[in-house]
Number of protein chains: 2
Amino acid sequence: MSGKAKRNDGGAEIKMSDIARHAGVSSMTVSRALREPSTVSEKMRRKVDAAVREFGYLPNRIAGSLSSKRSNVVGLIVPSIQNSLYASMIQAISDVLRANGFHLMIANSGHRLDDEEALVSALLAQRVCGLVLHNTTHNKRVRDLVAKTGVPVIETGNLPAEPLDMVVSYSNFEAARAMTAHLGRLGYRKIGFVTLPLRDNDRSEERRRGYFAALKELGLPADPSLVLEASGGFSEGADALVRLIQTHPGLDAGFFAGDVLAVGALFECQRRGWAVPGRVAIASFDDLDLLRHAVPTVTTLRIPRHEIGRRSAELLVNRLLGASPERVRIDVGFEIVQREST
Amino acid sequence: MSGKAKRNDGGAEIKMSDIARHAGVSSMTVSRALREPSTVSEKMRRKVDAAVREFGYLPNRIAGSLSSKRSNVVGLIVPSIQNSLYASMIQAISDVLRANGFHLMIANSGHRLDDEEALVSALLAQRVCGLVLHNTTHNKRVRDLVAKTGVPVIETGNLPAEPLDMVVSYSNFEAARAMTAHLGRLGYRKIGFVTLPLRDNDRSEERRRGYFAALKELGLPADPSLVLEASGGFSEGADALVRLIQTHPGLDAGFFAGDVLAVGALFECQRRGWAVPGRVAIASFDDLDLLRHAVPTVTTLRIPRHEIGRRSAELLVNRLLGASPERVRIDVGFEIVQREST
DNA sequence: CGTTCTCTTGGTATCGCTACCACCGTATAA
DNA sequence: TTATACGGTGGTAGCGATACCAAGAGAACG
């Protein structure tokens, strides 16, 4: 089974009928003994098991899937694999799936909707039995494909207005609003907002909306020059903070809505000797381990990424095991973690 | 294609013969037009393409794989998905595979050899066309399975004495030795060593050996009480450093051979007001972004994780595309990155 | 004792696609 | 012209498993 191999290359594969012959039973009995042992008599099962062990037989799941029109592979598309936020979700998904005998096929879209489309097509061509998409805005063709094939789909990363199927997420809008309001309650009045790129990213956009909504509720002016776009990473966070403080010397807090931006800013403050939160307060999004251990510890939003993964996989597995298709929408919520930096 | 669905549930799937009929050609022509367009005349290709688009046809790769005895899915087993080191390797693998039309099935073994065995079996049952294992010590059954099925395998994470097939890695022994020697050259004389768990982990073991080898070369005493095992994570690194300093007040450097241990230790120093490197120097393993931005910046070993992933995937793809099977052993090396912390 | 039911087992026809071979027409060589 | 080659197309027989149905052996029942 290699990329170029012709038919019958090298040692012939051991197949079920071989096992059947050696065990002196029919291949149906072998098939049953392996998949539903309880439907086969003790004697048969023993004969089959013995032959299976003797030959080190590995059933061919490709053939099984084709025949049964059932697969045990779930497809997952994330914007980037190289990001610990997704990593903890992926880990949880992987664990739940594995416990139920499913496997995970992973791909990353790089935040590009056209790539998402190509990947959804490819995964559906592989006949995955379910999809998890960390994204809630899709191409038309993606929506069509999902509708036509009828595969169960979990969307996550945001709470969409028109879900494809099932959703497990938190509200980026509410989370950003809550943190901004929190900073306001703590007495900060000039709050900068640093966001990840907004293009093709509903999550970023929602966070920005939440920030402005909170400002309004706080009776603070909505100053667009307090909002900066950064591409994610330590340096970008540092740069953004420096730029904000240069243009707004009165800035008393920075809310970094993405990745490790906040930590980059914090390190920059250490480098420049700016007291945190004395000179400027720093708040982050997503409770990375790092934030709990930095000096000072960093106020942040705890998004239950692991739980999102776990519940997504559980919903999918239930559906695959026969639960009736119903639109489920789970809001896992979030939590503000107040620490030393604010 | 769902977990429980019976045959012929709902709308019948569109298949190649349907496309063939509507395009007025044979299904072989459709098959060829999709896989090797150059072997089909312009006219046929257009007819086929039109029908494919009209029906939104998605070829069934499961059937294709069964028939051709070829698959386009590569299996990957890492100790943990939730670890940015693996993440950057996975990202690279995923990118290279995708560019060549392959997909990635991921599983994590949690550092347990028995789980690795179960996963290798499962992936081979899915008839993956290649395997990447981040581990170089395996169960007997794993070695047997690999030998019997003949799938191309890449091992990584260490340079094994008896590789299964191809290897792309660096030497944990040499890396740890080089860093320890480096610290010695800088004048440090009492160098603590904090390692990840040694059990079932040849990488950790090799690193420890490298540490002792360097001490010997430096003419420093090999004191086992300078070696501490920690399970990985910020707090564990912090704890380890504190314990080392308590038992060895003269400790002048700590080499943290794993994960974020060094950063945890660094934060602890900040908390306690210990100057780094004045009171104690800190060196790490693996060039996390974090280390370049921390204050002070942290001396470390740059392991080209991304390159490891890329080259692993490239080797695999070449082999799958027909390269002759030869034992390849690539040592990607490492690099000492001297920074402020030592 | 015959009938009905349950529990096991086996035979067979697919699942959707591709490898292989046969074929046909046209182009090139002899 | 006849022979040979070659690009392009279609028919057919699997790939290795499972779903479905049929059938035999006992058990339970009247």
Side-chain angles (χ1 to χ4, degrees), chain A residues 1-9 11-21 23-48 52 55 57-72 124-127 129 149, chain B residues 1-9 11-21 23-48 52 55 57-72 124-127 129 149:
Chain A
M1 204 82 164
S2 76
K4 244 327 178 14
K6 287 295 190 307
R7 228 171 226 188
N8 277 336
D9 58 319
E13 185 174 342
I14 297 157
K15 44 190 167 181
M16 197 173 268
S17 57
D18 298 327
I19 300 299
R21 189 154 20 86
V25 302
S26 77
S27 41
M28 270 318 296
T29 300
V30 177
S31 177
R32 279 190 280 250
L34 293 175
R35 289 178 305 134
E36 314 171 89
S38 68
T39 64
V40 162
S41 71
E42 174 69 22
K43 202 177 73 181
M44 291 287 168
R45 211 181 313 144
R46 269 212 302 274
K47 285 201 273 188
V48 171
V52 164
F55 294 91
Y57 170 65
L58 275 184
N60 184 332
R61 292 221 165 284
I62 292 195
S65 289
L66 178 61
S67 179
S68 66
K69 294 176 160 250
R70 233 181 283 135
S71 108
N72 62 342
L124 289 176
Q126 301 283 347
R127 296 306 191 262
C129 60
T149 60
Chain B
M1 203 83 166
S2 77
K4 244 327 181 8
K6 288 295 190 310
R7 229 171 225 189
N8 278 335
D9 58 318
E13 176 172 288
I14 297 157
K15 45 190 165 177
M16 198 173 266
S17 59
D18 298 327
I19 300 300
R21 191 155 17 86
V25 301
S26 76
S27 41
M28 269 318 297
T29 299
V30 176
S31 177
R32 281 190 279 249
L34 293 175
R35 291 178 305 132
E36 313 170 89
S38 67
T39 65
V40 161
S41 70
E42 174 69 23
K43 202 177 73 181
M44 291 286 168
R45 210 183 314 146
R46 270 212 303 272
K47 284 202 274 189
V48 170
V52 165
F55 293 91
Y57 169 66
L58 274 185
N60 184 332
R61 293 220 165 284
I62 292 195
S65 290
L66 178 62
S67 179
S68 66
K69 295 174 159 255
R70 233 181 280 135
S71 108
N72 62 342
L124 290 176
Q126 300 284 345
R127 295 307 191 264
C129 60
T149 59

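Reminder, nothing fancy here: chain letters follow the sequence lines and each chain counts from 1. Since this is a predicted model, take the numbers as computed values, not measurements.
One interatomic measurement links the two molecules: CG of A:Asn60 to C1' of D:dC15, which rounds to 8 Å at whole-angstrom precision. Atoms CD (B:Glu42) and P (D:dT9) sit 11 Å apart, rounded to a whole Å. B:Glu36 places its CD atom 12 Å from the P atom of D:dG8, with the value rounded to the nearest Å. The separation between A:Leu34 atom CG and D:dA17 atom C1' is 11 Å, rounded to whole Å. Between A:Arg61 atom CZ and D:dT18 atom P there is a gap of 8 Å when expressed in whole angstrom units. Atom C1' of nucleotide D:dG16 and atom NZ of B:Lys69 are separated by 9 Å, given to the nearest angstrom. The distance between atom NZ of B:Lys47 and atom C1' of D:dT9, rounded to the nearest whole Å, is 11 Å. In this structure, A:Asn72 atom CG and D:dA17 atom P are separated by 14 Å, rounded to whole Å.
Listed here is the closest heavy atom pair of B:Leu34 and B:Val52: CD2-CG2, 4.1 Å. The shortest heavy-atom contact between A:Ile14 and A:Phe55 is CD1-O, 3.4 Å. In terms of heavy-atom proximity, A:Ser65 sits nearest to A:Ser71 at OG-CA, 3.8 Å. Contact detail for B:Val25 and B:Val48: the closest heavy-atom pair is CG2-CG2, 4.2 Å.
Set against C:dT18, D:dG16, D:dA19, the side chain of B:Ser67 has C:dT18 as its closest nucleotide.
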Atom pairs under 3.5 Å, N or O on each side, protein against nucleotides 9-12 of chain C: can you list them with distances?
unit_1 : atom_1 : unit_2  : atom_2 : d
C:dT9  : OP1    : A:Ser41 : OG     : 2.6
C:dT9  : OP2    : A:Ser41 : N      : 2.9
C:dG10 : OP2    : A:Ser26 : N      : 3.1
C:dG10 : OP2    : A:Ser26 : OG     : 3.0
C:dG10 : OP2    : A:Thr29 : OG1    : 2.3
C:dG10 : N7     : A:Arg32 : NH2    : 2.8

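Between A:Tyr57 and D:dG16 there is no side-chain N or O to OP1 or OP2 distance below 4.0 Å. Between C:dT8 and A:Arg45, no contact under 4.0 Å exists linking OP1 or OP2 to a side-chain N or O. Listed pair A:Ser31 / D:dA17 fails the phosphate criterion, with no side-chain N or O lying under 4.0 Å from OP1 or OP2. The shortest distance between the side-chain N/O atoms of A:Arg70 and the OP1/OP2 oxygens of D:dA19 is below 4.0 Å.
Not a single donor-acceptor pair, N or O on each side, falls under 3.5 Å between the base of C:dT18 and the side chain of B:Ser68.
Between A:Asp18 and A:Lys15, none of the side-chain N atoms (NZ, or NE/NH1/NH2) sits under 4.0 Å from a carboxylate O, so this pair counts as no salt bridge.
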Carefully, step by step, assess B:Leu58 and A:Arg127 under the rule side chain to side chain contact (heavy atoms under 4.5 Å, CB included).
CA-CA 9 Å; B:Leu58 274 185; A:Arg127 296 306 191 262; 4.1 Å; yes
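In this structure, B:Arg45 places its CZ atom where more than 12 heavy-atom neighbours from other residues, nucleotides or ligands lie under 6.0 Å away.
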